Amino acid sequence: MSKQIFINLPVSDLKRSKAFYEAIDAVNNPAFSDDTAACMVLSDTIFVMLLTHDKWRQFTTKRIPDAHVDAQVLLCLSAGSREEVNRLVESASVAGGKPDPTPVQDHGFMYGRSFEDPDGHIWEVMWMDPSALPHG
């Protein structure tokens, strides 16, 4: 079985955050969602758990930083093409996210952009030309 990752993010407005992630192609799994949390499926192995601040506090007593000011992690998703990178960042922007909070990376064989979700969490989207990978 492939390992799965569940990314837990504190959000200030669950309805807004759920709509944002749906706009960037995530699908809500209602079996793991309620009025305090939403399980957003990005792929067969990647899940984003959006947690209200009250729900988040059930898991840790650490304070919730303002992700618009402080960053603890940069989350990165792979994309199938340069066009997909651009499409996801543009979709995020239209849905209320901030495009390109980090520098655009264009190395020819590798291309990446980023966006912030409405709560300030930074997501990078990267594409790499498979023919540029070392073969061995």
Side-chain angles (χ1 to χ4, degrees):
M1 181 175 145
S2 296
K3 290 194 183 287
Q4 298 176 328
I5 186 165
F6 291 81
I7 300 164
N8 297 283
L9 298 175
V11 299
S12 59
D13 182 330
L14 185 61
K15 183 178 178 180
R16 176 188 69 185
S17 293
K18 184 178 168 187
F20 175 84
Y21 281 88
E22 287 172 337
I24 61 164
D25 302 335
V27 177
N28 179 252
N29 180 340
F32 298 103
S33 301
D34 59 23
D35 60 344
T36 66
C39 178
M40 305 305 294
V41 181
L42 287 176
S43 76
D44 292 342
T45 59
I46 305 169
F47 307 85
V48 179
M49 293 299 300
L50 305 173
L51 307 173
T52 64
H53 287 196
D54 286 341
K55 183 73 163 186
W56 176 270
R57 288 183 187 105
Q58 294 176 15
F59 297 98
T60 181
T61 58
K62 290 186 177 186
R63 73 175 183 85
I64 299 169
D66 181 349
H68 293 286
V69 177
D70 301 309
Q72 187 174 20
V73 297
L74 296 173
L75 305 162
C76 187
L77 294 172
S78 62
S81 66
R82 294 171 72 92
E83 295 77 20
E84 184 181 358
V85 170
N86 290 331
R87 184 186 62 74
L88 281 173
V89 173
E90 295 309 315
S91 293
S93 179
V94 168
K98 177 182 174 185
D100 300 311
T102 62
V104 174
Q105 299 177 47
D106 192 347
H107 305 287
F109 70 96
M110 184 172 70
Y111 177 69
R113 294 181 63 193
S114 60
F115 62 85
E116 283 185 12
D117 73 7
D119 287 280
H121 304 112
I122 299 172
W123 288 85
E124 295 180 319
V125 186
M126 298 292 287
W127 166 81
M128 185 179 304
D129 181 355
S131 67
L133 298 174
H135 300 283

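Computed from a predicted model, the values in this text were never measured in an experiment. Excluded from the calculations below are hydrogen atoms, water molecules and symmetry mates; all remaining heavy atoms, backbone and side chain alike, are included.
At a threshold of 4.5 Å between non-hydrogen side-chain atoms, the residues Arg87 and Asp25 count as touching. Between Phe32 and Phe6, every side-chain heavy-atom pair lies at or beyond the 4.5 Å cut-off.
Asn29 pairs by the side-chain hydrogen bond (donor to acceptor under 3.5 Å, both in side chains) definition with nothing, not counting sequence neighbours.
For the side-chain contact (heavy atoms from CB on, under 4.5 Å) criterion with Phe47, the lone passing option out of Val41, Leu42, Ile5 is Val41.
Placement of Phe115 and Val69 in two distinct hydrophobic clusters is found when ILVMFWY residues are connected by side-chain heavy-atom separations under 4.5 Å, directly or transitively. Criterion: ILVMFWY side-chain heavy atoms under 4.5 Å apart, direct or through other members. Under it, Tyr21 and Leu51 are not part of a common hydrophobic cluster. Both Leu88 and Val85 are assigned to one and the same hydrophobic cluster, defined by single-linkage of ILVMFWY side chains at heavy-atom distances under 4.5 Å. No chain of hydrophobic side-chain contacts below 4.5 Å, direct or via other Ile, Leu, Val, Met, Phe, Trp or Tyr residues, connects Val125 to Met110.
Among all heavy-atom pairs drawn from Ala38 and Asn28, the shortest one is CB-ND2, 3.8 Å. The heavy-atom pair separating His121 from Pro10 by the smallest distance is CE1-O, 3.0 Å. Nearest heavy atoms, Met40 versus Lys18: CE-O, 3.7 Å. Taking all atoms of both residues into account, the shortest heavy-atom contact from Phe20 to Pro118 is CG-CD, 3.5 Å. Across Ile122 and Ser114, no two heavy atoms sit closer than the pair CG2-CB, 4.4 Å.
Here the straight-line distance linking atom CG of Asp129 with atom NE2 of His107 works out to 14.0 Å at 0.5 Å rounding. Note: Asp117 CG to Leu75 CG = 9.0 Å, rounded to the nearest 0.5 Å. The structure places CD of Glu90 at 13.0 Å from CD of Glu83, a figure rounded to the nearest 0.5 Å. Note that CZ of Arg63 is 11.5 Å distant from CZ of Arg57, once rounded to the nearest 0.5 Å. The distance from the NZ atom of Lys62 to the CD1 atom of Ile64 is 13.0 Å, given to the nearest 0.5 Å.
A ring pair (Phe, Tyr, Trp, His ring centres under 6.0 Å) check over residues 56-97, counting only residues at least two apart or in different chains, returns nothing.
The 12-atom threshold is not exceeded at CG of Asp44, counting heavy atoms of other residues, nucleotides or ligands nearer than 6.0 Å. Other residues, nucleotides and ligands contribute more than 12 heavy atoms inside 6.0 Å of the CD atom of Gln4.
Asp106 contributes a side-chain N or O that, together with a main-chain N or O of Gly108, makes up a donor-acceptor pair within less than 3.5 Å. Using a distance-only test at 3.5 Å, with no hydrogens or angles considered, no donor-acceptor pair links the side chain of Thr36 to the main chain of Lys55. Without hydrogens or angle criteria, Asp119 side chain to Ser12 main chain gives a donor-acceptor distance under 3.5 Å. Side-chain N or O atoms of Ser93 include none that pairs as donor or acceptor with a backbone N or O of Val89 at under 3.5 Å.
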Practice item. Tell me, with the steps shown, if Ile46 and Leu77 meet side-chain contact (heavy atoms from CB on, under 4.5 Å). Key: CA-CA 10 Å; Ile46 305 169; Leu77 294 172; 4.2 Å; yes
Practice item. Verify side-chain contact (heavy atoms from CB on, under 4.5 Å) between Met49 and Cys39, making sure each step is shown before the conclusion. Key: CA-CA 5 Å; Met49 293 299 300; Cys39 178; 3.5 Å; yes
Review point. Does the pair Trp123 and Ile7 meet the rule for a side-chain contact (heavy atoms from CB on, under 4.5 Å), with working shown?
Key: CA-CA 12 Å; Trp123 288 85; Ile7 300 164; 3.8 Å; yes
Exercise for review: Kindly determine whether Arg113 and Val104 satisfy side-chain contact (heavy atoms from CB on, under 4.5 Å), including the steps that lead there.
Suggested key: CA-CA 5 Å; Arg113 294 181 63 193; Val104 174; 4.0 Å; yes
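No side-chain donor-acceptor contact under 3.5 Å links Thr52 and Asp54.
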